[in-house]
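One structure below.
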Amino acid sequence: MAKGKTIYVCSACGGGSPKWVGQCPDCKAWNSLVESIAEAPPANRFSGYAGAASEQGIIDLASVQLEPEKKASTGIGELDRVLGGGLVPGSVILLGGDPGIGKSTLLTQTLGLLSQRMSCLYVSGEESPRQIGLRAQRLELNCERFHLLPETNVERMLALAAQSNPDVIVIDSIQTIYTDLLQSAPGSVAQVRESAAQLVRFAKRSGAAIVLVGHVTKEGALAGPRVLEHMVDTVLYFEGEQGSRFRLIRTIKNRYGAVNELGVFAMTDRGLREVSNPSAIFLSGHKQEVPGSVVMVTREGSRPLLLEVQALVDESRLNNPRRLCVGLEQNRLSMLLAVMHRHAGVVMYDQDVFVNVVGGVRITETAADLPVLLAVLSSLKDRPIPQGTAVFGEVGLAGEIRPVPNGPDRLREAAKHGFKRVIAPMQNISRRDAQDIETIGVERLGEALEAALD
Ligand code: TYD
Ligand code: MG
């Protein structure tokens, strides 16, 4: 294919320059010029970015067909959960994550299962057929109908895919794919964006579901999957601790389902195994009561989850005492400590505070506020929260305990795992769901601290 003319476009202001320069001539931003195609034929100039646009012109919304999407189950329950039920034909999914976390393993397993029912294609730009074969053998997959394509050129790949017409295509990884239209190296922002645009167009046209594997760089942003998030339908990220056996997949964006859904897997010597009852694994199960440990009931996506929050408070030798969080937002902790100081009179300015959510889960919801404060106080006073207690609740700046969504669900989850007592916002507790669990409704921070430690 002939190389198109390329220009350099500023990613901040959109201004162009025929040559690469360090500073944008228009907006004066530094290092913002990226290579892109100068002249695409006018008819499809923007077609890559408007995946669902068509030639129909203006239509009535009422005339649009509204049958629910047919979602194909992947055969892996936890993966279906984060996908919002299964793979939608014609959708594009981005699976991101650190190197070595298990992206290729998961997708090889998935295609191994899917290829028994539909036609699948695994495009590998990273590993040789032999490496993939060895992995499939280790995973004990049925390789009869597992179609493999070692290819990194997007045009050649799509030409072959158009002939065999697969239902599902996996691209491992988008950073290794390049298009003939651009001269920059594979993995550069321009290449990643243009190759992905072609793949998105192909998916919408052919009805194939495409899964793109994307690496996250150490800095998290450039040339990584970030530029793709707007173009795809679903974004899934692997999270979790490197050392841990458990692998979490979180839905960041989903045009076909809920976001923040969490899928839990365990890495074994035979690949990823799904964990369908994650509450059981995240609780460390201390033999006796320990100060600084609180069990919280969070709700990740559509499922409640019991997690242990640990805090350590230690006298500080620094002018600026340390506030360190793993799995929570740091600023939120500073704010909560200020609330505890003002409304409960607990002084922390001469203490280092460390908070950790066990299991590498990242919590974004406010229901963690009260558990965090109780863990901190328990550590400061060196007094444990009685065993069999679970906690959830948001803390407001005025020292009030605010309700959180799905209270009954959370209470049920705690009861299911044998908890005897739940400390929760008063408004989340109704008389109806008084089961075999003691519920303590609290309205003020002071009340909650008393209820937990007295
Ligand atoms: P991989 O899936 O290649 O990671 P990615 O594609 O995200 O870079 O490999 C994940 C890691 O898992 C690798 O270090 C080897 C390990 N592993 C197992 O522990 N068990 C297995 O069955 C397989 C296939 C890999
Ligand atoms: Mg890989």
Side-chain angles (χ1 to χ4, degrees), residues 74-79 82-83 92-115 120-143 146-152 154 157 168-178 186-187 191-192 195-196 199 210-226 228-229 232 234-252 262-275 281 359-360 362:
T74 58
I76 301 178
E78 291 293 291
L79 185 59
V82 288
L83 286 171
V92 182
I93 296 141
L94 172 67
L95 177 65
D98 293 335
I101 199 152
K103 300 179 293 295
S104 307
T105 306
L106 177 68
L107 292 174
T108 315
Q109 278 179 279
T110 310
L111 283 205
L113 289 170
L114 277 177
S115 59
C120 300
L121 179 64
Y122 189 99
V123 182
S124 178
E126 276 183 5
E127 289 162 303
S128 67
R130 190 181 132 75
Q131 283 172 308
I132 297 164
L134 285 172
R135 179 189 288 125
Q137 190 184 42
R138 186 170 166 190
L139 299 171
E140 295 175 350
L141 297 180
N142 183 349
C143 303
F146 196 117
H147 301 301
L148 191 63
L149 173 64
E151 179 62 83
T152 51
V154 69
M157 172 199 313
V168 183
I169 307 177
V170 168
I171 314 277
D172 190 2
S173 65
I174 188 71
Q175 271 88 5
T176 58
I177 306 295
Y178 71 94
Q191 283 286 4
V192 166
S195 314
L199 290 165
I210 300 188
V211 185
L212 306 174
V213 172
H215 295 284
V216 189
T217 55
K218 263 238 162 70
E219 300 76 42
L222 201 76
R226 276 291 150 90
L228 300 174
E229 284 180 3
V232 301
T234 305
V235 180
L236 308 177
Y237 268 98
F238 267 101
E239 58 184 51
E241 288 160 357
Q242 275 293 337
S244 150
R245 205 158 68 79
F246 296 107
R247 300 283 188 271
L248 311 173
I249 300 183
R250 192 184 293 273
T251 317
I252 306 293
L262 196 69
V264 185
F265 297 86
M267 183 60 94
T268 67
D269 54 353
R270 300 235 173 98
L272 288 164
R273 201 169 41 77
E274 49 181 321
V275 178
I281 58 161
R362 205 167 309 138

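Whatever order the structure lists them in is the order used to number ligands and atoms, beginning at 1. Excluded from the calculations below are hydrogen atoms, water molecules and symmetry mates; all remaining heavy atoms, backbone and side chain alike, are included.
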Does I169 reach the side chain of L199, with side-chain heavy atoms less than 4.5 Å apart?
-> no
Side-chain H-bond candidate by donor/acceptor type, E126 with T176, under 3.5 Å = no
Between L114 and T74, the two heavy atoms sitting closest are CD2-CA, 4.1 Å
Quick look: R138 vs ligand 1, heavy-atom contacts under 4.0 Å, and the answer is side chain
Ligand 1 atoms nearer than 4.0 angstrom to some heavy atom of R270 are 22 (O)
Can you check whether R250's main-chain N or O pairs, donor with acceptor, with E239's side chain at less than 3.5 Å?
-> no
Of the backbone atoms (N, CA, C, O) and the side-chain heavy atoms from C-beta on, which set of D269 has a member under 4.0 Å from an atom of ligand 1: side chain, backbone, both, or neither?
-> backbone
Look at atom 11 (C) of ligand 1 and say whether a protein heavy atom is found at less than 4.0 angstrom from it.
-> yes
Atom 3 (O) of ligand 1 has as its nearest protein heavy atom R135 NH2, 3.0 Å
Looking only at N/O atoms, are M267 and ligand 1 under 3.5 Å apart anywhere?
-> no
for atom 6 (O) of ligand 1, nearest protein heavy atom and its distance come out as S104 OG, 2.6 Å
Which ligand 1 atoms, with their elements, are less than 4.0 angstrom from a heavy-atom of G271?
-> 20 (N), 21 (C), 22 (O)
Quick one: CG on L139 to CG on L134, what's the gap to the nearest 0.5 Å?
-> 11.0 Å
Under the 3.5 angstrom rule, does the side chain of T105 hit a backbone N or O of G271 as a donor-acceptor pair?
-> no
The protein heavy atom nearest to atom 7 (O) of ligand 1 is K103 N, 2.8 Å
Quick one: CG on L141 to OG1 on T110, what's the gap to the nearest 0.5 Å?
-> 9.5 Å
Under 3.5 Å, side chain of K103 to main-chain N/O of L95, donor-acceptor pair present?
-> no
Can you figure out which of L134, D98, T105, L95 has its heavy atom closest to atom 1 (P) of ligand 1?
-> T105
Is P99 close to ligand 1, meaning an N/O of one under 3.5 Å from an N/O of the other?
-> no
Answer side chain, backbone, both or neither: which part of L139 comes under 4.0 Å from ligand 1, heavy atoms only.
-> side chain
Are more than 12 heavy atoms from other residues, nucleotides or ligands located less than 6.0 Å from atom CZ of R135?
-> yes
Heavy-atom contact under 4.0 Å between T108 and ligand 1?
-> no
Mind checking whether E127 has an N or O less than 3.5 Å away from an N or O of ligand 1?
-> no
M157 and I177 have their tightest heavy-atom pair at CE-CD1, 3.5 Å
Assess T105: does it contribute an N, O or S atom lying under 2.8 Å from the Mg ion (ligand 2)?
-> no
Give the single entry among G102, G100, A136, G97 that approaches atom 8 (O) of ligand 1 most closely by any heavy atom.
-> G100
Can you list the ligand 1 atoms lying under 4.0 Å from a non-hydrogen atom of T268?
-> 18 (C), 19 (O), 20 (N), 21 (C), 22 (O)
Flag the pair D98 / F238 as yes when at least one side-chain heavy-atom distance between them is below 4.5 Å, and no otherwise.
-> no
